[in-house]
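Take a look at the structure set out below.
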Amino acid sequence: MIFSPVEVQETVKMFMSQKLDIRCITMGISLLDCACADSKTACDKIYDKIMKKAGNLVKVGQDIEKEFGVPIINKRISVTPIALVAGASEAKTYVPYIKTLDRCAKELGVNFIGGFSALVQKGITPADRILIDSIPEALATTDFVCSSVNVGSTKSGINMDAVKLMGETIRKTAEATADRDSLGCSKLVVFCNAPEDNPFMAGAFHGPGEGDCVINVGVSGPGVILAAAREYKGQPINVLADGIKKMAFKITRMGQLVGSEAASRLGVDFGILDLSLAPTPAVGDSVARILEECGLEGAGCPGTTAALAMLTDMVKKGGVMASTNVGGLSGAFIPVSEDEGMINAVKQGSISLEKLEAMTTVCSVGLDMIAVPGDTPATTLSGIMADEFAIGMVNNKTTAVRLIPVIGKKEGEWAEFGGLLGGAPIMSVNRFSCADFINRGGRIPAPIHSFRN
């Protein structure tokens, strides 16, 4: 890939003053060949394979950073959903599996490992149930492993038994880490239509349809897109949209270069490039501020969903023009705790949980990193998830929920999670009950447009 002098100059400016970065390089590793009837042997095989495949991941990332001058914020690993691997054993708990993953993360120096996961969109196997039951203890006793559960899809409908179970699991995970503002829930994502090649945590796992080992790259540039929005201030929306698309194209080319180089040096295939506007708590790295620059007084006011739809679409169009490897989630993330503009919007009252739900119809994921009162019932958590997954199922898109009921705290108080996870004000939740609906269980059938063969 050849860059012109002008492109190099523009890219350097993005790094230096607009907070452009490679948010993550994520090595996806298949653990299907590690399945074993003896869980200890399986864990040993998992450890050996991850250490062998990812032994140079951090070093290669650091070398590329130095040679190309490109910040690579996180080096991560995703693995085959552990329920698919551990199901071959007779283990009654999968906590030893997650501790093996955590040990790998610490010894390799990676930021996170994703894949303590189960796929239950149509039914729950005994292995899936053991994994879900293990989640509270697993996330309370480890530091660098993330968990996810897919409970619905456009083709299968929504498994409401699993939705009910995950509401209870989130509550238990919150209680197990109550001394840390229920931090465990920040590492747990519940999905509908989960992608198998997502490089972003906490929802990353290496899907069973993937190869043995690949490199997936996540690029993030809210600051760069914010600068582009300022450049077109006062101009018609279609002109602004075109400017955002062109900037997304430039960002993606840089990500393609880094991904190809990392894959080549590690001797594995280059999987996908995910261009997502993934914010951080740092000022100037906010999706909410981009929306405000489009002409909104505050994120969440009338017009927010329309502006976010335009933003997400232009980011995807620019990315697809620049690379044939675009995949993952690609679009715009709207987490509350990880976006200083979103935090400000909650504090000033311009955004609510219901408005965030409306915004998820057009963004790339869903209700992300939202702190709610610690006394929120498990059935209410399940109801919030069911609403979000219905959006994903009907619209044939990925939707996800990362809710954090902060034990001992109420609406308006502050919860601190640290690092890239940031912190968030506790948001209000509708006080009316959906318990009778959630307790019905069963399955919401797939929509009529799912029957495409």
Side-chain angles (χ1 to χ4, degrees), residues 21-31 46-47 49-51 53-62 71-82 94-95 97-118 131 134-135 138-149 173 177 180 183-191 194-207 210 213-220 262 266 271-272 274 276 278-281 328-329 333 335 337-338 365 368-369 400 402 404 417-422:
D21 58 54
I22 300 294
R23 186 53 50 85
C24 59
I25 54 172
T26 302
M27 176 176 279
I29 303 173
S30 173
L31 300 182
I46 288 170
Y47 173 83
K49 184 164 187 179
I50 292 175
M51 297 302 292
K53 294 289 186 180
N56 291 322
L57 177 63
V58 172
K59 181 180 183 302
V60 165
Q62 292 171 341
I72 301 175
I73 306 303
N74 296 289
K75 293 83 177 174
R76 299 167 170 171
I77 297 169
S78 62
V79 299
T80 304
I82 289 298
Y94 294 160
V95 173
Y97 287 85
I98 199 171
K99 289 189 173 181
T100 299
L101 299 179
D102 200 47
R103 176 188 171 196
C104 290
K106 291 173 179 175
E107 293 184 14
L108 291 169
V110 299
N111 305 95
F112 283 112
I113 291 184
F116 194 72
S117 308
L131 184 133
S134 300
I135 286 174
L139 295 182
T141 56
T142 56
D143 299 309
F144 300 109
V145 185
C146 295
S147 180
S148 60
V149 178
T173 303
T177 52
R180 291 165 278 169
L183 177 65
C185 296
S186 70
K187 299 181 288 180
L188 173 59
V189 181
V190 189
F191 275 111
E196 296 188 2
D197 54 5
N198 168 27
F200 285 102
M201 298 295 171
F205 63 86
H206 188 69
E210 298 288 306
C213 188
V214 300
I215 283 290
N216 297 320
V217 175
V219 181
S220 178
L266 289 165
I272 59 94
D274 184 319
S276 288
T280 72
L329 293 165
F333 287 71
S337 76
E338 299 171 5
V365 195
D368 197 16
M369 287 302 291
R402 196 160 32 151
I404 308 169
F417 310 118
L420 280 175
L421 298 172

Backbone of Ser186 reached by a side-chain donor or acceptor of Arg402 within 3.5 Å
yes
Can you confirm whether Phe112 sits close enough to Asn74 that some side-chain heavy atom of one is under 4.5 Å from a side-chain heavy atom of the other?
no
Using 0.5 Å steps for rounding, measure from the CG atom of Asn198 to the CZ atom of Phe205.
8.0 Å
Are Val217 and Pro199 packed together at the side-chain level, in the sense that at least one heavy-atom pair is separated by less than 4.5 angstrom?
no
Between CG of Leu188 and CD1 of Ile404, what distance do you get to the nearest 0.5 Å?
9.5 Å
Please report the shortest heavy-atom distance between Ile29 and His206, naming the atom on each side.
C-CD2, 3.5 Å
Tell me, do Ile135 and Ile98 make a side-chain contact under 4.5 Å, heavy atoms counted?
no
Could you tell me whether a side-chain N or O of Ser337 sits under 3.5 Å from a main-chain N or O of Gly422, the two making a donor and an acceptor?
no
Lys187 side chain to Thr142 main-chain N or O, any donor-acceptor pair under 3.5 Å?
yes
Should the heavy atoms of other residues, nucleotides or ligands under 6.0 Å from NZ of Lys106 be counted, would the total exceed 12?
yes
Check: Pro81 main-chain N/O paired with Ser117 side-chain donor or acceptor under 3.5 Å
no
Are any non-hydrogen side-chain atoms of Leu108 and Ile113 less than 4.5 angstrom apart?
no
Between Leu57 and Ile25, is a side chain to side chain contact (heavy atoms under 4.5 Å, CB included) present by the stated rule, with each step listed?
CA-CA 9 Å; Leu57 177 63; Ile25 54 172; 4.0 Å; yes
Which value, rounded to the nearest 0.5 Å, describes the distance between Asp197 atom CG and Ile272 atom CD1?
4.5 Å
Can you list the steps and then say if Leu31 with Ile50 is a side chain to side chain contact (heavy atoms under 4.5 Å, CB included)?
CA-CA 9 Å; Leu31 300 182; Ile50 292 175; 4.2 Å; yes
Pairwise side-chain contact, Phe417 with Met369, heavy-atom cut-off 4.5 Å (strictly under)
yes
Are the side chains of Val58 and Val110 in contact, using a 4.5 Å heavy-atom criterion?
yes
Can you tell if the side chain of Ser30 reaches within under 4.5 Å of the side chain of Glu210, non-hydrogen atoms only?
no
I'd like to know if the side chain of Ser134 and the backbone of Tyr94 have a donor-acceptor N/O pair within less than 3.5 Å.
yes
Taken to the nearest 0.5 Å, the spacing of Asp102 CG from Leu139 CG works out to 10.0 Å
Gap between atom CG of Asn111 and atom SG of Cys24 - 0.5 Å precision
9.0 Å
What are the two closest non-hydrogen atoms of Met201 and Ile77, and how far apart are they?
CE-O, 3.3 Å
If we only count heavy atoms from C-beta on, is the Phe200 to Val365 side-chain gap below 4.5 Å?
no
Using every non-hydrogen atom in the two residues, find where Val189 and Gly203 come nearest and quote the distance to one decimal.
CG2-N, 3.9 Å
Does the side chain to side chain contact (heavy atoms under 4.5 Å, CB included) test come out yes or no for Glu338 and Leu421, once each step is laid out?
CA-CA 6 Å; Glu338 299 171 5; Leu421 298 172; 3.7 Å; yes
Under 3.5 Å: donor-acceptor pair, side chain of Ser147, backbone of Phe116:
yes
